[in-house]
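Protein chains get the first letters and strands the later ones, always in sequence-line order, with residue 1 at the start of each.
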2 protein chains.
Amino acid sequence: MDQPPGPAPTRLRAIPSRLIAGAAIAADRIVADRLATEGARKWHFAVLAALAETGAASQAELGRRTGIYRSDMVAVLNELADADCVRRDPDPVDRRRNVITLTPAGRRHLERLDALVSDAQRELLAPSPPPSRANSSTC
Amino acid sequence: MDQPPGPAPTRLRAIPSRLIAGAAIAADRIVADRLATEGARKWHFAVLAALAETGAASQAELGRRTGIYRSDMVAVLNELADADCVRRDPDPVDRRRNVITLTPAGRRHLERLDALVSDAQRELLAPSPPPSRANSSTC
DNA sequence: ACCTTCCGTTAGTGCCACTAACGTTTCGGC
DNA sequence: GCCGAAACGTTAGTGGCACTAACGGAAGGT
């Protein structure tokens, strides 16, 4: 946190897209920080979760389900495969595809990441210590 | 749009940070697309708006007000200065600082960008054509 | 047989958030 | 007055993510 935030001009403060962006980077950082404790990023979690839920799939299918571009998927799967969280086998029925399978180690890893992400969501949604009924000055 | 989105696993669909992130990238894209028609990015708009509202300021002060890192501010101001939207003069009273001043051209540019951003916000907040009272299937 | 489409992969771009280090200048304490 | 801490502008570089372009190989439709 190099930059102590100053007061934003009202012209900027009220812009929805800026508010959303601010919320998103705060949320992303909380999640990313949590996942970093396991050396993971949000994509790893997304891919593992998708695999756990719908079983083995091709890389393209995983990309569609998680929103990850297929070009980026390659690196993610390389990392997951290096960590033995996932196996990448050529599909015998369609030789264009790879079949991605979740390993037991991957499933365990997913459970750890899932806990971290859940924690992050809780931290996200409950940042106000006392939700006091007599409501705040800027109401 | 290379990737036709597929159905996301429910485990992912319900995660707040993912929803926020999705909203943010949609919002960012709308704004960025609009601003691109004038060759600008959101930072240019933010800096010009901050200058218009509070008058001349140092680069560091602008950074605090807009949320832009002072290292990135340099390039933004270079671009704005190249386009004659802004002047960058050494501060006579504190020689560490530069005084950034909005030029008439900059003010005109700001008005154009402001219109684009306003349009974007409207598009953002009104994506549902009929807000029909008999409410949607997934209620 | 063609042509189109899909697949995995490589390479690269652009925006943004963020860090590190630098030389200069100013300020606070002593 | 001096010295160290802090602020400033600048340069350089990192890393994550969204996205594009192009490829060779394989499958599918007609």
Side-chain angles (χ1 to χ4, degrees), chain A residues 1-6 17-18 20-33 35-36 39-47 57-64 66-79 81 86 88-100, chain B residues 1-6 17-18 20-33 35-36 39-47 57-64 66-79 81 86 88-100:
Chain A
M1 225 164 284
D2 200 0
Q3 299 249 111
S17 62
R18 270 183 72 95
I20 298 177
I25 103 164
D28 260 20
R29 179 152 53 211
I30 292 175
V31 172
D33 284 352
L35 289 178
R41 282 164 297 159
K42 58 177 178 174
W43 284 352
H44 299 103
F45 170 72
V47 167
S58 73
Q59 303 187 187
E61 182 59 25
L62 283 175
R64 269 175 238 119
T66 56
I68 304 175
Y69 271 67
R70 65 184 199 277
S71 34
D72 299 318
M73 181 67 69
V74 179
V76 174
L77 289 180
N78 284 342
E79 291 159 14
V86 132
R88 194 205 249 121
D89 309 299
D91 187 337
V93 1
D94 185 342
R95 295 216 305 272
R96 292 172 301 180
R97 290 178 164 89
N98 288 339
V99 180
I100 310 300
Chain B
M1 228 166 283
D2 201 2
Q3 298 250 109
S17 62
R18 271 182 72 94
I20 298 177
I25 101 162
D28 259 20
R29 179 152 52 211
I30 292 175
V31 172
D33 284 352
L35 289 179
R41 281 164 295 156
K42 59 178 177 174
W43 282 350
H44 300 100
F45 170 72
V47 168
S58 72
Q59 302 186 189
E61 182 58 26
L62 282 174
R64 269 174 239 119
T66 55
I68 305 175
Y69 272 68
R70 66 183 199 277
S71 34
D72 298 318
M73 181 66 69
V74 179
V76 174
L77 289 180
N78 285 342
E79 291 159 14
V86 132
R88 193 205 250 120
D89 308 299
D91 187 336
V93 1
D94 185 342
R95 296 216 304 274
R96 290 173 301 180
R97 291 178 164 87
N98 289 338
V99 180
I100 309 300

So, using side-chain contact (heavy atoms from CB on, under 4.5 Å) as the criterion, who are the partners of [X] when residues are at least two apart?
X      : value
V76(A) : W43(A), H44(A), V47(A), L80(A)
A23(B) : I20(A)
A21(A) : D28(B)

Report summary line: Once base and sugar-phosphate atoms are separated, protein heavy atoms under 4.0 Å mark nucleotides 11-16 of chain D, 5' to 3', with B, S and - as BB---S
Requested in this report: Kindly say if Q59(B) contacts the phosphate of dA7(D), meaning a side-chain N or O under 4.0 Å from OP1 or OP2.
Outcome: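 No.
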**Report entry** Short side-chain N/O contact from Y69(B) to OP1 or OP2 of dC16(C), under 4.0 Å
**Finding:**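 It does not, given that no N or O in the side chain of Y69(B) lies less than 4.0 Å from OP1 or OP2 of dC16(C).
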**Report entry** Within residues 21-28 of chain B: residues closer than 4.0 Å to DNA chain C (heavy atoms)
**Finding:**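 Under 4.0 Å from DNA chain C: no residue of residues 21-28 of chain B.
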Report task. Sequence neighbours left out, what passes side-chain hydrogen bond (donor to acceptor under 3.5 Å, both in side chains) with S17(A)? Give chain and number order. Result ->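 Only Q121(B) meet the side-chain hydrogen bond (donor to acceptor under 3.5 Å, both in side chains) criterion with S17(A).
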Query raised in the report: What residues, two or more places apart in sequence or in another chain, satisfy side-chain hydrogen bond (donor to acceptor under 3.5 Å, both in side chains) together with N78(A)?
Result: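 Scan of N78(A) (side-chain hydrogen bond (donor to acceptor under 3.5 Å, both in side chains), adjacent residues dropped) gives R88(A).
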Query raised in the report: In chain order, what residues pass the salt bridge (Lys or Arg N to Asp or Glu O under 4.0 Å) check against R96(A), with sequence neighbours excluded?
Result: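 Partners of R96(A) under the salt bridge (Lys or Arg N to Asp or Glu O under 4.0 Å) test: D94(A).
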Query raised in the report: Can you name the residues that form a salt bridge (Lys or Arg N to Asp or Glu O under 4.0 Å) with E79(B), not counting sequence neighbours?
Result: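 E79(B) satisfies salt bridge (Lys or Arg N to Asp or Glu O under 4.0 Å) with R41(B) only.
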Query raised in the report: Which sits closer to the 5' end of DNA chain C, P92(B) or N98(A), going by the nucleotide each is nearest to?
Result: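 Closest to the 5' end, via its nearest nucleotide, is N98(A).
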Please enumerate all protein N or O atoms sitting under 3.5 Å from an N or O of nucleotides 3-6 of chain C, with distances to 0.1 Å.
{"from": "dC6(C)", "atom 1": "O2", "to": "R96(A)", "atom 2": "NH1", "distance (Å)": "3.0"}

Query raised in the report: I100(B) and side-chain contact (heavy atoms from CB on, under 4.5 Å): which partner among D91(B), D89(B), L62(B)?
Result: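 Result for side-chain contact (heavy atoms from CB on, under 4.5 Å) with I100(B): L62(B).
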Report task. Mind listing the closest non-hydrogen atom pair of A46(B) and R18(A) along with its distance? Result ->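 Where A46(B) meets R18(A) most closely, the heavy atoms are CB-NH1, 3.6 Å.
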